[in-house]
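The structure displayed is predicted, hence computed values, not measured ones. Order of the sequence lines fixes the chain letters, A, B, ..., with proteins taken first and strands second; residue numbering starts at 1 for each chain.
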2 protein chains.
Amino acid sequence: MASVDRHRQIIDAVRQTGQRSVVELAELTSTSEMTIRRDLEILAEQGLLERYRGGARSLLLRGEEPPFALREHDGLQEKQRIATAVADMIADGEAVVIDSGTTCLGVARALTHRRLTVMPLSLHAANALVGAPRLRLLLPGGEPRPGELALTGPLTEASLAALRFDTAVIGCCGLNASNGLTAYDLADAAIKRAAMASAHRVIAVTEAAKLSRTALAFVAPASALHVVVTGDDAPDDEADALSAAGVVVRRV
Amino acid sequence: MASVDRHRQIIDAVRQTGQRSVVELAELTSTSEMTIRRDLEILAEQGLLERYRGGARSLLLRGEEPPFALREHDGLQEKQRIATAVADMIADGEAVVIDSGTTCLGVARALTHRRLTVMPLSLHAANALVGAPRLRLLLPGGEPRPGELALTGPLTEASLAALRFDTAVIGCCGLNASNGLTAYDLADAAIKRAAMASAHRVIAVTEAAKLSRTALAFVAPASALHVVVTGDDAPDDEADALSAAGVVVRRV
DNA sequence: CGTATCAAACAGGTTTCGTGTTTGAAATGT
DNA sequence: ACATTTCAAACACGAAACCTGTTTGATACG
């Protein structure tokens, strides 16, 4: 996993100053310039940065969501704990809709060997679940957003509107009692709302860090959630505020 | 690709006599019994055969469709030629629905770098198309059938019913003038019909071998097709019969 | 026109994967 | 109950794939 670390190093360096030269990056990572060029080519392909002659500039604007490929390796343990905790809350035979995002992908993986009906809202989760023998996999229609592979659009909303689930597992980009559940992407926000409307019980999952964050698109007030599963280092005041809004907060 | 060939050898041997012992297969492939056991484990996982102590028995019944993993490596060149021929028939800007199956997967791959709106009817094709920069990818809902990953069911039909395409690329398990277009799977047949109904032009793709075959589920008469693209070793009489039904036959 | 940057090709090193062997455990048959 | 067969796990070996650095000739920029 040496190359992955270097990629992250490059991304961070480029984001820090907006742009970096190939020579700088080669020095920083103590590799050859050729390796840096190959890395930049890969990262540019993923849309993480823009290549120009002699270097690269960042495409990650402040306040924007970092891309899936990066978030996937962040806080793995916390996500794992959250995922198993959520899996324990779901009973065999239930029909579950699982939102897009890395935390929800973890939940999907934790449900692989269960006997359930599952509708994932991203192709990442769908791919993780195909072939699961006891699982009934139901895919919504829609347009997969590049990278994230989250399904959005009228087809997705129509698919959700046609179904009723026992539980919705919703990810979020920001969540707190005052601003409610928020997302970076407007289309995503609409889908989250639709998924919540189609489910009897709503479980929100989020790393502790997101409790102090608020994203662009408002999805729903905290009171619309039944359970929030988050990390064990979630601040007490936020947890209390959510509890006061009638939400069951589970820190794992 | 040595192991792939051995797997095929094993499958063929097992299907030939219904079942084979581990010792027999080890001798036949001139490998160790341990390797055979590992192979059988893999193949059993794919649902290609059933393991029992000392050997394995075939699960491929006569007249049933061989699984995706096997067909994928069959007649690669013919499929490639068909795929490029179909791609040439499609103009930039069109909206295209692409059926499931290995031949259609080839067509999807051939369209990767085009400027089109594409709705694939299988997750295999969907995965091949995500990340294509100029492509607008539209996914139908539905339940992915294991292995094939073909999307079927009411959600799929609803997605298709809501849209109108310029071209439908349809695969088939059997096709000839007298029995029309046929498929192995009933649910698949319904989807093919829905896709054809939603498209202005219908292109059927099929290896030449399938022109002399007829599968269980009737989809549509040959006259419902506008173009058939097939291999260059397609028999003249079948091609003529299709032409007589008003279909343009393209042999590549 | 000179310099910097780049992409392709080659070579070395490392890692991963597949295979074979061994060993002890489990299952089957007598 | 015992002997035999079958199996799975562990280890070791070799081949293939991958990553990286260097070289070289081409291309872009000032």
**Message:** Just the rounded figure in Å: distance from P of dT19(C) to CD of Glu41(B).
**Reply:** 14 Å
**Message:** Judged by each residue's nearest nucleotide on DNA chain D, which is more toward the 5′ side, Ile36(A) or Ser21(B)?
**Reply:** Ser21(B)
**Message:** Given dT22(D), dT6(D), dC6(C), identify the nucleotide with an atom nearest to the side chain of Arg51(A).
**Reply:** dC6(C)
**Asked** Would you say the side chain of Arg53(A) and the base of dT5(C) hold a donor-acceptor pair, judged only by whether the two atoms sit under 3.5 Å apart?
**Response** yes
**Whole-Å distance separating the CD atom of Glu33(B) from the P atom of dC7(D)** = 9 Å
**Request:** Examine dG21(D): is either OP1 or OP2 under 4.0 Å from a nitrogen or oxygen in the side chain of Thr35(A)? Give yes or no.
**Result:** yes
**Message:** Closer than 4.0 angstrom, basic N to acidic O: yes or no for Asp74(B) and Arg71(B)?
**Reply:** no
**Fill in**
Taken to the nearest 0.5 Å, the spacing of Glu143(A) CD from Leu151(A) CG works out to 9.5 Å
**Check: Val22(A) main-chain N/O paired with Arg37(A) side-chain donor or acceptor under 3.5 Å** = no
**Message:** From CG of Leu25(B) over to C1' of dT19(C), roughly how many Å is that when rounded to an integer?
**Reply:** 17 Å
**Message:** Can you identify which nucleotide, out of dT5(C), dT22(D), dT19(C), has its nearest atom closest to the Arg38(B) side chain?
**Reply:** dT19(C)
**Asked** Rounded to whole angstrom units, what separation is found between the OH atom of Tyr52(A) and the P atom of dA28(D)?
**Response** 19 Å
**Prompt:** Between dC6(C), dC7(D), dG20(C), which nucleotide has the shortest distance from any of its atoms to the side chain of Arg37(B)?
**Reply:** dC7(D)
**Message:** Tell me the interatomic distance from Arg6(A), atom CZ, to dG21(D), atom C1', rounded to whole angstroms.
**Reply:** 12 Å
**Asked** Between dG20(C), dT5(C), dA7(C), which one does the side chain of Met34(A) approach most closely?
**Response** dA7(C)
**Asked** What's the CG-P distance between Asp39(A) and dT20(D), to the nearest Å?
**Response** 7 Å
**Complete:** In whole angstroms, the gap separating P of dA8(D) from CD1 of Ile42(B) amounts to 13 Å
**Asked** Does the distance from a Lys or Arg side-chain N to an Asp or Glu carboxylate O, for Asp5(B) and Arg8(B), drop under 4.0 Å?
**Response** no
**Request:** Please answer whether the main-chain N or O of Gly171(B) pairs with a side-chain N or O of Lys192(B) as donor and acceptor at a distance below 3.5 Å.
**Result:** yes
